[in-house]
Amino acid sequence: MSGLKNVFPHKMDLNQLIFKIGEVSKMVNVSTRQLRYWEQKGYIESIRDDNSSSRVFNMENLNRVNLIKYYLDEGMTLNGAHVATEEKIAKMRQIRLFMMHAFQDVETIDGKPAVNLGYFDKNKESILYGIIDEQDIEYRVVEKKEEK
DNA sequence: CTTCTAACA
DNA sequence: TGTTAGAA
């Protein structure tokens, strides 16, 4: 067993958390007109509530809206913001994968929080730690203690 | 009151 | 993109 899932166990499906267009509009500060337009362009996606024909957005798309808005404010064009958003999401997926497998636990070394990043060598004899000191991080390879 | 579509003084 | 009208 290893990885983030053991430290931050979550069984919730965050995409079950949905928001109406007005809520997204207020949260991210974009107009409902923009949200409908972005969806029409295929930049974001919504699901239609069964009975009503109202749009609802899941967390994944709320994240997209947030990123597109960010890049627009940075001065990018809508299409540029869309491209940048998808690239960012791709990177975020890689970061999650990395963290899920590399991150082991937060321990203590020299009285400081030390992030156990897993085995440093192929033979699994030493472990890489990222020791947190205020804003800085000191990396250190520590010989693994022999287990009985 | 909120959301939808369509259209443009 | 904003706004507005009329309907749901």
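Throughout, protein chains are lettered first and strands after them, A, B, ... in sequence-line order, and every chain is numbered starting at 1.
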*Asks:* Mind calculating the distance between OH (A:Tyr37) and P (C:dT3) to the nearest angstrom?
*Replies:* 17 Å
*Asks:* Considering only NZ, NE, NH1 and NH2 on the basic side and carboxylate oxygens on the acidic side, decide whether A:Arg64 and A:Glu45 come within less than 4.0 Å.
*Replies:* no
*Asks:* Starting at atom CG of A:Asp73, determine the distance to atom C1' of C:dT1, rounded to an integer number of angstrom.
*Replies:* 14 Å
*Asks:* Roughly, in whole Å, what's the span from CG in A:Leu78 to P in C:dG2?
*Replies:* 12 Å
*Asks:* Could you tell me whether the side chains of A:Glu107 and A:Tyr129 share a donor-acceptor contact shorter than 3.5 Å?
*Replies:* yes
*Asks:* Between A:Asn79 (CG) and C:dT1 (C1'), how many Å, whole number?
*Replies:* 16 Å
*Asks:* With a 4.0 Å cutoff (strictly under), does any side-chain N or O of A:Arg55 reach OP1 or OP2 of B:dT5?
*Replies:* yes
*Asks:* Does the side chain of A:Ser31 get closer than 4.0 angstrom to OP1 or OP2 of C:dG2 through an N or O atom?
*Replies:* yes
*Asks:* Could you check which nucleotide pairs with C:dT1 in any of the strands shown, counting Watson-Crick or G-U wobble with both distances under 3.5 Å?
*Replies:* none
*Asks:* Round to the nearest Å and state the distance from A:Glu23 atom CD to B:dT2 atom C1'.
*Replies:* 10 Å
*Asks:* Could you tell me the separation between the CD1 atom of A:Ile47 and the P atom of B:dT3, rounded to a whole number of Å?
*Replies:* 15 Å
*Asks:* Whole angstrom is fine here: how far is it from NZ in A:Lys20 over to P in B:dT3?
*Replies:* 5 Å
*Asks:* Run through A:Ile21, A:Val65, A:Asn61, A:Ile44 and flag the one making a side chain to side chain contact (heavy atoms under 4.5 Å, CB included) with A:Glu39.
*Replies:* A:Ile44
*Asks:* Answer with yes or no whether the side chains of A:Lys88 and A:Tyr70 bring together a donor and an acceptor at under 3.5 Å.
*Replies:* no
*Asks:* Just to be sure I understand the rule, does A:Leu35 reach a base, reach only the sugar-phosphate, or reach nothing, if contact means heavy atoms closer than 4.0 Å?
*Replies:* nothing
*Asks:* Rounded to whole angstrom units, what separation is found between the CZ atom of A:Arg33 and the C1' atom of C:dT1?
*Replies:* 6 Å
*Asks:* Look at the side chain of A:Arg36 and decide which nucleotide, out of B:dC4, B:dT2, B:dA7, has an atom nearest to it.
*Replies:* B:dC4
